[in-house]
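Only heavy atoms go into these numbers, but all of them, side chains included; no hydrogens, no water, no symmetry mates. All chains are named by letter (A, B, ...) in the order of the sequence lines, taking the proteins before the strands, and each is independently numbered beginning at 1.
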Amino acid sequence: MSKGYLQNDVFSEVVALFCDMMRENVVLNCYTLPVVLKSCCKLLALREGEEVHCIAVKNGFISNTYVGTNLIELYSAGGRVACAYRAFTEMVDRNVVSWTAMINGYVANGDLVSARRLFDLAPERDIVLWNRMVTAYIELGDMMEAKRLFDMMQCKDLMSYNTMLNGYAKNGDVEGCERLFESMQEKNIFSWNGLIGAYAHGGRFLDVLDAFRRMLKETDVQPNDATLVNVLAACARLGVLDFGKWLHKYVEDNGYKGNVYVCNGLVDMYAKCGLVECAIDVFESMDKKDLISWNTIINALAVHGHGANALSIFSKMKNAGEEPDGITFIGILCACSHMGLVEEGLLHFHSMTDEYLIQPKIEHYGCVVDLLARGGLLEQAVEFIHSMPIKADSVIWTALLAASRIHKKVEFAELSLQKLLELDPSNPANYVMLSNVYGEAGKWEDRARLKVAMRDTGSKKVPGWSSIQTQDGVAEFYCFDERHSKTEEIYHALTGLTKLLRLSGFRTDLTELELET
DNA sequence: CTAGGGTTAG
């Protein structure tokens, strides 16, 4: 019965069952307590764990190796390393698993020195212990020491290699990862995921897709959910809709329809590629949804101008019993600010802090500034910035600047720019924005002078870019981009569309579309 | 029938 609960992650039931056993005076054997201790450990139920510890002493199970090892894990998980160590020293029979548990305890509590001391003292070091120690250095970012230990290992297995691959990936060494990957004789799905993860981590999304294609074409290794999630995210970032659609079919043909990770990836891929309707379809087809699913669809709707829909999904989320987190409110505030619902946005911001007790982060304050400023309440936005408990960063001033431009309030634009230049005087992006503001305000001479100054100092803004699938492949583009061979036609089409919008009553600004010569 | 190691989403 306990094992059934344990396997299904319902640890509280194991504890409840054990209470029943005690009440009914069932005689314990050596298999009983390890399961209960493990459940207490998973629940971080330290007090209950201590009671089980007492029961172990009273009933003569304290010398049992499994009991001792579980006690080490329990106390380590609860941050009580000293208690864990005491349990370790009091053990009669310590085997390599007990040593690993104690070393893990030190690692988990940030004491790598003690962990390493025990590692060097351990009477037996098997492959699991070696790998664990290597992982500890990787998690600390010490790839030199990780590599040193890895090279010392006599008994490396595939998992050791994969651990190192992921270490390189996590620490941003794509080349190191590639080199090790190519040197490996045997590769499984974790190896491929390590390589793909390194590319994803490094923003090399085309390489993600290439590696995935290579895996399918040249090996018998089958992708799993982790692979698909990374590949879908790469499609989302690149805007590669056709491959994304192919993946959707692959997912359906290979039994990943019920996989929350994969479906969340699909929803985001469709949203980022512009097909909100498909994103909604996938979302609604999911019978299991988690926090990420709700957040993904809310954000998708918000950024696609379906703010009202985003808000109604938010109520559905709460009705479904899902607790919103900080990311949820980013989507909600974004939806409100894009619909001009200043009052409602502020209400949500206050419910986030007062009702859900979520500590606002700088991005939430940024959303509120955006909400107020976009709504034309520039003065209030500045007041809000001054009332914030955190110092405003460049994102916040940029939001105020953008709104100042929309509402043609040059004095607020100048304030924002002044702050931006103070925060980051060497960032050429700030001068580009200053130049744009002057341009719009008709101060063409100032603008021209600034452009010359920027050219002379050689500062060049690194543009944020987007990309989209075209018939010829993936086209990458940024704001004011003039690199495409059909630039003239593209801007002509955009100008035409903008004029059409204007005819139907939209207030638009054509100056952004004027080609600079 | 019980303890230890690798990847994934907003």
Side chain of [X] - closest among [options]:
| X | options | answer |
| --- | --- | --- |
| A/Asn166 | B/dT2, B/dT7, B/dG4 | B/dT7 |
| A/Leu129 | B/dT2, B/dT8, B/dG4 | B/dG4 |
| A/Val97 | B/dA9, B/dC1, B/dG4 | B/dG4 |
| A/Asn224 | B/dT2, B/dT7, B/dA9 | B/dT7 |
| A/Val128 | B/dA3, B/dG4, B/dT2 | B/dG4 |
| A/Thr100 | B/dT2, B/dA9, B/dG4 | B/dG4 |

Starting from [atom2] on [N], measure out to [atom1] on [X] and report it in whole angstrom.
| X | N | atom1 | atom2 | answer |
| --- | --- | --- | --- | --- |
| A/Leu33 | B/dA3 | CG | C1' | 14 Å |
| A/Tyr75 | B/dA3 | OH | P | 17 Å |
| A/Leu37 | B/dT2 | CG | P | 15 Å |
| A/Tyr199 | B/dT8 | OH | P | 17 Å |
| A/Gln222 | B/dT8 | CD | P | 21 Å |
| A/Leu71 | B/dG4 | CG | P | 14 Å |
| A/Arg237 | B/dA9 | CZ | P | 12 Å |
| A/Ile297 | B/dA9 | CD1 | P | 18 Å |

Looking only at N and O atoms, is any donor in the side chain of A/Asp225 or the base of B/dA9 less than 3.5 Å from an acceptor on the other one?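 When only heavy-atom distances are counted, A/Asp225 does not reach the base of B/dA9 through any donor-acceptor pair under 3.5 Å.
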ring-ring contact (aromatic ring centres under 6.0 Å, His included) for A/Tyr161 and A/Phe150? Distances and angles first, verdict last. CA-CA 8 Å; A/Tyr161 278 91; A/Phe150 178 74; 5.3 Å; yes
Does [X] reach a base, just sugar-phosphate, or nothing at all? Heavy atoms under 4.0 Å.
| X | answer |
| --- | --- |
| A/Ser293 | nothing |
| A/Ile127 | base |
| A/Ile72 | nothing |
| A/Thr296 | sugar-phosphate |
| A/Val96 | base |
| A/Asn95 | base |
| A/Asn259 | nothing |
| A/Lys170 | sugar-phosphate |

Applying salt bridge (Lys or Arg N to Asp or Glu O under 4.0 Å), name anything that partners A/Glu145, two or more places apart in sequence or on another chain. A/Arg116, A/Arg148
Considering residues at least two apart in sequence or located in another chain, which fulfil the salt bridge (Lys or Arg N to Asp or Glu O under 4.0 Å) criterion with A/Lys249?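 Applying salt bridge (Lys or Arg N to Asp or Glu O under 4.0 Å) to A/Lys249 gives A/Asp253.
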Regarding [X] and [Y], is there a side-chain donor-to-acceptor distance under 3.5 Å anywhere?
| X | Y | result |
| --- | --- | --- |
| A/Tyr270 | A/Glu277 | no |
| A/Asn264 | A/Asn259 | no |
| A/Asp268 | A/Thr296 | no |

Using the ring of each side chain (for Trp, its six-membered ring), is A/Tyr356 parallel, tilted or perpendicular to A/Phe329, with breaks at 30° and 60°? tilted
Ring stacking, A/Phe190 with base of B/dT7, under 5.5 Å and under 30°?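 Here A/Phe190 fails the 5.5 Å or the 30° condition.
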Using only side-chain N and O atoms of A/Lys187, determine if any of them is under 4.0 Å from OP1 or OP2 of B/dT7. no
Under the side-chain contact (heavy atoms from CB on, under 4.5 Å) test against A/Val67, which residue among A/Asn70, A/Leu71, A/Thr65 passes?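 It is A/Leu71, the one option of A/Asn70, A/Leu71, A/Thr65 that forms the side-chain contact (heavy atoms from CB on, under 4.5 Å) with A/Val67.
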Is A/Cys235 close to A/Leu241 at the side-chain level, that is, under 4.5 Å between some pair of heavy atoms?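 Sidechains of A/Cys235 and A/Leu241: no contact.
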Interface residues of residues 23-31 of chain A with DNA chain B (non-hydrogen, below 4.0 angstrom): A/Cys30, A/Tyr31
